[in-house]
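For reference, positions follow the sequence shown, starting with 1.
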Amino acid sequence: MVVGRAALVLVLQGLSLFAACGASFAGDAAAHGDSTIVAQAEAAKIFHGVGKVVNVDAASGFVTIDHEDIPGLMDAMEMQFQAMPAKILEEVKVGDKVAFALDGKNWTILEIQKLTAAK
């Protein structure tokens, strides 16, 4: 039975070492280019952008923003976004410079704040 216990101890040590290494798996995947895991990690993030409102339809909850680069998500471009809830667009007008928070999973605007009013 001594050999059996020694083998059990080795197996348990191996399992604990394996569990400890698993904690850094997502970081290793990102470093090695596993796009699925990286995409899932990005999807859990909230990203922040700044831009100018080009079009707004508060009733339907859509806004088009000519935005600067959104670090870690996308380059500068003009793009339509859905806002959730739609009522956060009620105070936004075409020409306003805004800051916004964007859900990285579905690219929905969660918050929007007017920085400067349209001229």
From M79 atom CE to T64 atom OG1, the distance as rounded to the nearest 0.5 Å: 10.0 Å

From H48 atom NE2 to L110 atom CG, the distance as rounded to the nearest 0.5 Å: 9.5 Å

Joint cluster assignment, V63 & M74, ILVMFWY side-chain distance < 4.5 Å: yes

Closest heavy-atom pair and its distance - W107, L73: NE1-CD1, 3.6 Å

Side chains of V98 and I65 in contact at under 4.5 Å (non-hydrogen atoms): yes

I88 side, atom CD1; E111 side, atom CD - distance, nearest 0.5 Å: 7.5 Å

Atom of A86, atom of A58 and distance for their closest heavy-atom approach: CB-O, 3.7 Å

Derivation and outcome, salt bridge (charged side-chain N to carboxylate O under 4.0 Å, His left out), residues D96 and K114: CA-CA 6 Å; D96 289 347; K114 190 182 309 186; 3.5 Å; yes

Shared hydrophobic cluster, L115 / V92 (ILVMFWY, side-chain heavy atoms < 4.5 Å): no

Same apolar cluster (I L V M F W Y, side chains within < 4.5 Å links), I112/V54: no

Any donor-acceptor N/O pair, D103 side chain to T108 backbone, under 3.5 Å: no

Pairwise distance CE(M84) to CG(L89) - rounded to 0.5 angstrom: 11.0 Å

Mutual orientation of the aromatic rings belonging to H67 and F100 [parallel < 30°, tilted 30-60°, perpendicular > 60°]: perpendicular

Joint hydrophobic cluster, I46 plus V50, side-chain heavy atoms closer than 4.5 Å: no

Q80 CD to I109 CD1 distance, which is reported to the nearest 0.5 Å: 10.0 Å

